Amino acid sequence: MSERPQEPNSSRDDDSLLPIDEHIEEGHDDEGRKVRHRGIYLLPNLFTTANLFAGFYSIVNAMNGNFYVAAATVFVAMVLDGLDGRVARLTNTQSAFGAEYDSLSDMVAFGVAPALLAFEWALGSMGKVGWMVAFIYVAGAALRLARFNTQIGSVDKRYFIGLASPAAAGVVAGTVWAFSDFGIQGSNMSFVVAILVAAAGMLMVSNIKYNSFKNLDLKGRVPFVAILAVVLVFAVVFSDPPRILLLIFLAYAASGPIQYLLRLRRRKPVE
């Protein structure tokens with residue numbers, strides 16, 4: 001009696017027309033039952049990919065000495081980073097994959113790119129001290145992002161614990177953009193840049209609270225004068241983007257330590 005060979009099961013989960021593993025993510029439905037989702041959401045991940053490309057493009061331009069373009073691209077990455085999360089929430093397309101992909105993109109755009117930009121423009125002239133300062137910033141960004149991912153859902157959404165990596169990148173990239181636009185050589189102010197870069201890296205891993213502005217209601221109605229204020233802000237920023245953006249991010253970076261010192265002063269017992 002001859003045996004017929006068994007036909008392979010064509011409906012297995014690991015079958016694919018392409019030699020690329022399909023992403024399968026486990027979750028829960030509205031009734032709490034475990035479900036498996038195949039694939040990823042396209043729209044929010046397009047913005048995340050654009051954010052990643054902006055960081056990579058900034059690195060390439062910094063290596064080629066195009067500091068003006070490299071710094072401006074970091075700010076473009078900030079806009080894209082702000083859009084991907086909001087698009088995911090508005091379209092209800094949040095996923096664990098998107099959150100991890102966003103963190104990796106942020107590491108490139110707001111961790112590696114600003115550090116390399118500062119190193120190529122100013123810190124390289126300081127030798128070993130320069131690359132050590134740049135590494136402090138990169139390590140601070142990595143630790144900041146890792147800590148942020150583990151604290152989601154367990155901290156007050158009104159505040160960031162430590163300076164957010166996009167804001168730290170704004171301080172570093174804004175400094176390079178503002179002064180290189182004047183034709184100033186980075187080697188002439190390497191010490192100042194080193195202090196700013198190191199301070200930004202340390203603030204990212206600090207326990208100082210920063211306002212996250214997540215309690216702003218962007219979908220509700222506002223007075224008509226609010227749109228006039230927005231127009232005024234855009235006009236001021238675009239009148240001199242390098243200097244205005246630098247001042248904004250420096251003020252935000254300084255707001256955390258200032259509020260921390262004020263809270264300590266209030267807690268100090270009166271003799």
Side-chain angles (χ1 to χ4, degrees), residues 46-84 101-127 129-142 144-145 163-201 203-204 237-253:
L46 282 177
F47 287 99
T48 305
T49 302
N51 175 26
L52 177 62
F53 176 78
F56 174 76
Y57 189 73
S58 175
I59 292 173
V60 172
N61 278 276
M63 295 173 62
N64 291 331
N66 300 323
F67 304 119
Y68 185 95
V69 176
T73 308
V74 172
F75 288 96
V76 173
M78 292 182 198
V79 176
L80 296 169
D81 179 60
L83 288 175
D84 61 0
Y101 187 30
D102 180 66
S103 292
L104 293 173
S105 300
D106 289 352
M107 183 60 205
V108 175
F110 309 131
V112 178
L116 183 61
L117 173 60
F119 180 82
E120 291 288 337
W121 184 65
L123 300 180
S125 61
M126 301 179 70
V129 175
W131 65 257
M132 287 176 62
V133 171
F135 178 73
I136 289 174
Y137 179 89
V138 173
R144 169 71 178 82
L145 291 167
L163 182 63
S165 57
V171 172
V172 177
T175 300
V176 177
W177 191 5
F179 288 97
S180 63
D181 187 48
F182 280 134
I184 298 176
Q185 297 294 325
S187 57
N188 296 333
M189 51 182 303
S190 57
F191 182 73
V192 176
V193 175
I195 293 177
L196 282 175
V197 173
L203 285 174
M204 281 190 285
V237 170
F238 282 97
S239 65
D240 191 359
R243 263 69 65 181
I244 299 299
L245 289 173
L246 175 60
L247 290 176
I248 291 174
F249 283 101
L250 280 176
Y252 180 74

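Heads up: numbering here begins at 1 and tracks the sequence. In this text, all values refer to a predicted model and were calculated from it rather than measured experimentally.
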Might you point out which heavy atoms bring [X] and [Y] nearest each other, and give the distance in Å?
X    : Y    : answer
V176 : A118 : CG2-CA, 4.4 Å
A115 : A134 : CB-O, 3.7 Å
L117 : A70  : CD1-CB, 3.8 Å
S190 : S125 : CB-OG, 3.7 Å
L116 : M63  : CD2-CG, 3.8 Å
S180 : W121 : CB-NE1, 3.8 Å

Contact between [X] and [Y] at the side-chain level, heavy atoms closer than 4.5 Å - yes or no?
X    : Y    : result
M204 : Y137 : yes
F179 : F67  : no
F110 : N51  : yes
V197 : I136 : no
L52  : Y101 : yes

Strictly under 6.0 Å, is that where the ring centroids of Y68 and W177 end up?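 They qualify: ring centres under 6.0 Å apart.
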Apply the test side chain to side chain contact (heavy atoms under 4.5 Å, CB included) to residues V74 and V172: give CA-CA distance (whole Å), side-chain angles for both, the deciding distance (0.1 Å), then the verdict. CA-CA 10 Å; V74 172; V172 177; over 6 Å; no
May I ask you to decide if the ring planes of F56 and F53 are parallel, tilted or perpendicular, using 30° and 60° as cut-offs? tilted
Interatomic spacing from [atom1] in [X] to [atom2] in [Y] - rounded to 0.5 Å:
X    : Y    : atom1 : atom2 : value
I59  : T73  : CD1   : OG1   : 11.0 Å
L246 : L196 : CG    : CG    : 8.0 Å
F191 : M126 : CZ    : CE    : 7.0 Å
T49  : L80  : OG1   : CG    : 10.5 Å
L203 : L163 : CG    : CG    : 5.5 Å
M78  : F249 : CE    : CZ    : 4.5 Å

For N64 and V60, indicate whether the former's side chain and the latter's backbone hold a donor-acceptor pair under 3.5 Å. yes
Do N61 side-chain atoms and Y57 backbone N/O form a donor-acceptor pair below 3.5 Å?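 Confirmed, N61 side chain pairs with Y57 backbone.
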Could you walk me through whether T48 and D84 pass side-chain hydrogen bond (donor to acceptor under 3.5 Å, both in side chains), step by step? CA-CA 6 Å; T48 305; D84 61 0; 3.0 Å; yes
Can I get a per-line list of side-chain donor-acceptor pairs under 3.5 Å for residues 238-245, giving both atom names and the distance, sequence neighbours left out?
unit_1 : atom_1 : unit_2 : atom_2 : d
S239   : OG     : V236   : O      : 2.5
D240   : OD1    : R243   : NE     : 3.3
D240   : OD1    : R243   : NH2    : 3.0
D240   : OD2    : R243   : NE     : 3.2
R243   : NH1    : A178   : O      : 2.8
R243   : NH1    : D181   : OD2    : 3.1
R243   : NH2    : D181   : OD2    : 3.0

Any side-chain donor paired with an acceptor under 3.5 Å for D106 and S165?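 No pair is found: no donor N or O on one side chain lies under 3.5 Å from an acceptor on the other.
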Under the side chain to side chain contact (heavy atoms under 4.5 Å, CB included) criterion, do L104 and V108 qualify, and how do the steps go? CA-CA 7 Å; L104 293 173; V108 175; over 6 Å; no
